[in-house]
Amino acid sequence: MTTWNREQEREQKRVDEVVQNLSQATDHLQSHLGGKKADVVQIRKDFWSDVTVNLDDPDDAIETAASIKQQAELLSEIERSHTSAEAQFKTYEKLKNSPYFGRIDFKEEGESEPEKVYLGIASFYDEETLTFLVHDWRAPISSLYYDHSLGEAQYRAPGGVIQGDLDLKRQFIIKNAKIEGMFDTGEAIGDELLQQVLGKQANTQMKSIVATIQKEQNAIIRNTSSDLLIVQGAAGCGKTSAALQRVAYLLYRDRETLQSQHVVLFSPNNMFNSYVANVLPELGEENMEQTTFQAYINHHLADQFLVETPFEQMEELLSGSSDSVRLEGIRFKASVDFLKAIQKYVDQLSVSGLMFNDIKFREKTVISAKQIREFFYTLDKNETVPYRMKNTAHWILEELKKAERRERKKPWVEKEIQLLDQHVYTKLYEQLQKRNKYRDDSFNDLASEQKVLSAYITRLAFKPVREAIENFDFLDMKGIYAKLFQMNQKGMTDYRTWNEVCKNTLYNLKQNFLSNEDATPFLYLKELVIGFQSNAAVRHVFIDEAQDFSPFQFAFIQRIFPRANLTILGDLNQSIYAHSSDNSFGMLESLLDKKNPEIITLTRSYRSTKEIVEFTKSILQDGGEIIPFNRSGEKPAVVKLNDDACLIEELESTVQKWKNDNHDTIAIICRTAKESYAVYEKMKTRLDVKLMANENTAFQKGTIIIPSYLAKGIEFDAVAIYNASAYQNERERKLFYTVCTRAMHELSVFYIGEPCPFIKEASKELYEEVK
């Protein structure tokens, strides 16, 4: 037995001892929880029998109040104790599976022996030995693990700075209380795949490669000086992993002022959100706010329009039902040129051209659009449009009060009073009595009651109108946006098909349909007119798969989170949407108003085997900069089939083989959702498969069938590309690259007839051809 094996044996023995102590602690807590729950039930049951109620005189009333308060406080204290014990029980249950992930040996100045400190997601204190068997990773001493390499080190404790030497930094992979791998390193390796590689192959060369990767990732994780951090990274370089570790690091570093609700992640879809949802909780942190930009769009526009999603747009484009006019319209409406055109348009609107709606009540106009327009343009033109719009809303509300008072004497109000529910009538009468308690009795006459009831009826009737005004519904935003496409747009764009784009846009607006390419510009224009609803509490915003965001979306996020630092992660080689451009990151520094921007480029891909990376980078026209990780596997298989029936047969056989090889996550990636549904119908009687054709579906392990555009951002043990012959257009090159890069260990590309041109361009030495 080697020295290292003996060391691992000793470490496993310690894991066993800690888990045994944890089991004893959870048994004790379980018993304690049962008793506390019984106490709560009994106190609630006997609450009033233990309270002496006597209200005959002031002294007895005071005694009664004190008795009630005492019982309530006792119940509250027991409930708090129960909640705390329940949380501790859940934490200990987690620790039993993996009690810790790291160890440091730190010799404090003046001490002869180093202290061994084991780090986990929470602390575990042994009452018998009066020592911490596990330290919380957020504890002051734990900062040595994250902030220092071996050698001189220090950490800040409540009593001051503690200095000394860091003699050892060890990492563990512990699952089901068994050490699956451990290694010593000078850096904290946060990525599980890198941990596994080092755990199995911790030679000098591998340590050097992993240290290089971790150094690059640490530059992302520990960056605290940049208010705009842009990460361009190849598929499988660990961008998302580094981003989530960055969140955990920032929450740890600024734990006194930063909470999880101050951090927002914009991700490509809700499936991706569920895919990464457990990362922070596994580190003992509450999850940050996770959302999609489409969710924000829907929240603000779905009650006015039928809003097309990016995936519906993608499905239409891939189905071939869209023409070149739509494609050019999509690209232009996502461009910086269109962004500037809208900003210029708002400058024009500040002088003239705003469109308003009549304010109506009971189908009669009480304030006309003309009156509103005249009032707005009498306001000081040196003030911003949103400021003048808020003043206009205030003026309308004041005018509405006058209209409301005029309505009180109308016949319809008297009719409503007669139909008033008795319960409402009584409640209003009581309020009137209370309001007039110390006034003259003359206020309680019939005229006063009639006046109050009339005011109540009209106030209630005008409520929807007031709410509409507070929401700026007096603005004709649809008309204002449409006018942009009716104006003479010389110089706006050089597209020859601009007139057709305008015609299509106006038709969609008339149908109350907002295409995906129009949704963000429409909302951006609206917010420029009424003012952005900003959130100053959010301190950090993370944008993953950022290559799919348009300049409009970046500018919008900057506006709604004005105080937030931005971390933007993406890969231009995975720009799969029609609006994407190859230089989309280049314009961010000028577009976003940040003082300390920094761009980091990651070129080393390690998620997939070397063979898969070499094959996938050959798909790109310029994939030479991508460096594969030295983890060997099988070459990708490119399989030719005669027809669809043969493809299904071969697919079933391949997936079954992968299952036998114990692959937990297997993806059959189809080009479209329509194709995914068809393949699912053919496969569901042959294999245990799940269909994930909706972006709101939660990510699940097993064998899934998924359309190309939903698979991005997610990795699978093995991937089968269904009928690669369908990827023919040059604009689908990056989509094909993206789906192939989802594979970590196994990749099989199936096609019928002729392969797609991207495979033809690849060297045959990079894949195994099967016919």
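Each of His579, Gln574, Gln553, Lys712 was scored for a side chain to side chain donor-acceptor pair (under 3.5 Å) with Asp548, with one residue passing: Lys712. A side chain to side chain contact (heavy atoms under 4.5 Å, CB included) with Leu228 is found for one member of Asn596, Thr567, Asn565, Ile568 and no other, namely Ile568.
Side chain to side chain, Asp518 and Tyr481 meet the donor-acceptor criterion of an N or O pair below 3.5 Å. Defined by atom type and a distance below 3.5 Å, a donor-acceptor pair is present between the side-chain atoms of Ser226 and Glu598. Inspection of the Asp571 and Gln547 side chains reveals no N or O donor paired with an N or O acceptor under 3.5 Å. Judged purely by distance below 3.5 Å, without hydrogens or angles, the side chains of Thr505 and Lys333 pair a donor atom with an acceptor atom.
Between Gly329 and Val501, the shortest heavy-atom contact is CA-CG2, 3.9 Å. Listed here is the closest heavy atom pair of Ala762 and Ser618: CB-OG, 3.3 Å. Taking both residues in full, the closest heavy atoms of Lys610 and Pro628 are given as CG-CB, 4.0 Å, listed atom of the first, atom of the second, then distance. What you find for Gln656 and Leu687 is that their closest heavy atoms are OE1-CD2, 3.3 Å. The two atoms that bring Ala519 and Leu514 nearest to each other are CA-CD2, 3.8 Å, heavy atoms only. Residues Ala718 and His663 come closest through the heavy atom pair CB-CD2, 4.3 Å.
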(request) Take Ile626 and Asn573 through the test side-chain contact (heavy atoms from CB on, under 4.5 Å) and record every step on the way to the result. (result) CA-CA 11 Å; Ile626 301 172; Asn573 290 322; 4.2 Å; yes
(request) Just do the side-chain contact (heavy atoms from CB on, under 4.5 Å) check on Ile759 and Phe736 with the steps written out, would you? (result) CA-CA 10 Å; Ile759 294 177; Phe736 186 63; 3.9 Å; yes
(message) As a quick check of understanding, evaluate side-chain contact (heavy atoms from CB on, under 4.5 Å) for Leu747 and Cys740, giving each step before the final call.
(response) CA-CA 7 Å; Leu747 173 63; Cys740 289; 4.1 Å; yes
(request) Given side-chain contact (heavy atoms from CB on, under 4.5 Å), test Phe542 with Val263 step by step and report yes or no. (result) CA-CA 8 Å; Phe542 288 74; Val263 183; 3.9 Å; yes
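Atom-to-atom distance recorded for Thr603:OG1 and Lys617:NZ is 9.5 Å, nearest 0.5 angstrom. Expressed to the nearest 0.5 Å, how far CZ of Phe485 lies from CG of Asn504 amounts to 11.0 Å. For the atom pair Leu484 CG and Phe522 CZ, the distance stands at 11.5 Å (nearest 0.5 Å). Phe556 contributes atom CZ, which lies 9.0 Å from atom OH of Tyr524 (distance to the nearest 0.5 angstrom). The distance from atom CD1 of Ile752 to atom CG of Leu641, rounded to the nearest 0.5 Å, is 6.5 Å. Annotation: the span from Phe293 atom CZ to Thr520 atom OG1 amounts to 4.5 Å, rounded to 0.5 Å.
For Lys760, the NZ atom sits in a packed shell: over 12 heavy atoms of surrounding residues, nucleotides or ligands are nearer than 6.0 Å. Residue-environment remark: CD (Gln343) exceeds the threshold of 12 foreign heavy atoms within 6.0 Å. Counting non-hydrogen atoms of neighbouring residues, nucleotides and ligands closer than 6.0 angstrom, the CD atom of Glu634 reaches no more than 12 such neighbours. Environment of NZ in Lys340: sparse, with no more than 12 heavy atoms of neighbouring residues, nucleotides or ligands closer than 6.0 Å. Counted within 6.0 Å of NZ on Lys594, heavy atoms from surrounding residues, nucleotides or ligands total more than 12; the atom is thus considered enclosed. More than 12 non-hydrogen atoms from other residues, nucleotides or ligands lie less than 6.0 angstrom from CD of Glu730.
Using a 4.0 Å cut-off between charged nitrogen and carboxylate oxygen, Glu652 and Lys682 do not count as a salt-bridge pair. Using a 4.0 Å cut-off between charged side-chain N and carboxylate O, Glu681 and Arg686 make no salt bridge. The pair Glu765-Lys635 does not meet the salt-bridge criterion, since no charged nitrogen lies less than 4.0 angstrom from a carboxylate oxygen.
Although no hydrogens or angles enter the test, the distance criterion places no donor-acceptor pair under 3.5 Å between the side chain of Arg607 and the main chain of Glu715. With hydrogens and angles disregarded, a donor-acceptor distance shorter than 3.5 Å links the side chain of Arg246 to the backbone of Asn223. Of the possible polar contacts, none joining the Glu761 side chain to the Phe758 backbone as a donor-acceptor pair under 3.5 Å is found. Checked by atom type and distance alone, the side chain of Asp643 pairs as donor or acceptor with a backbone atom of Ala645 at under 3.5 Å. For Arg742 (side chain) and Ile714 (main-chain N/O), a donor-acceptor pair under 3.5 Å exists by modelled atom type. Using a distance-only test at 3.5 Å, with no hydrogens or angles considered, a donor-acceptor pair links the side chain of Ser319 to the main chain of Glu316. No donor-acceptor distance shorter than 3.5 angstrom exists from the side chain of Asn298 to the backbone of Leu301, with no hydrogens or angles considered. In this structure a side-chain-to-backbone donor-acceptor pair under 3.5 Å is present from Ser605 to Ala235. A side-chain donor-acceptor contact under 3.5 Å links Glu308 to the backbone of Asn516. Between the side chain of Thr292 and the backbone N or O of Ala295 there is at least one donor-acceptor pair closer than 3.5 Å.
Taking the six-membered ring where the residue is Trp, Phe716 and Phe699 present tilted rings, their angle falling between 30° and 60°.
At a threshold of 4.5 Å between non-hydrogen side-chain atoms, the residues Lys734 and Ile619 do not count as touching. For the pair Tyr751 and Cys756, the minimum side-chain heavy-atom distance is 4.5 Å or more. With a 4.5 Å cut-off on side-chain heavy atoms, Leu651 and Phe750 count as touching. Annotation: side chain of Val638 is not in contact with side chain of Lys764 (no heavy-atom distance under 4.5 Å). No side-chain heavy atom of Arg604 sits under 4.5 Å from any side-chain heavy atom of Cys237. The shortest side-chain heavy-atom distance between Gln313 and Ser515 does not fall under the 4.5 Å cut-off. Contact check for Val749 versus Val639: no side-chain heavy atoms found under the 4.5 Å cut-off. Looking at Thr741 and Val719, their side chains never come closer than 4.5 Å, going by heavy atoms from C-beta outward.
Aromatic rings of Phe266 and Tyr296 (six-membered ring for Trp) have centroids beyond the 6.0 Å cut-off, not under it. Proximity of the aromatic rings of Phe552 and Phe338 is defined here by a centroid distance below 6.0 angstrom, and this criterion is met.
In terms of the salt bridge (charged side-chain N to carboxylate O under 4.0 Å, His left out) criterion, Asp544 has no residue partners (sequence neighbours excluded).
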All N/O donor-acceptor pairs, side-chain side in residues 702-711, below 3.5 Å, sequence neighbours left out:
{"residue": "Ser708", "atom": "OG", "partner": "Arg671", "partner atom": "O", "Å": "2.8"}
{"residue": "Tyr709", "atom": "OH", "partner": "Glu315", "partner atom": "OE1", "Å": "2.3"}

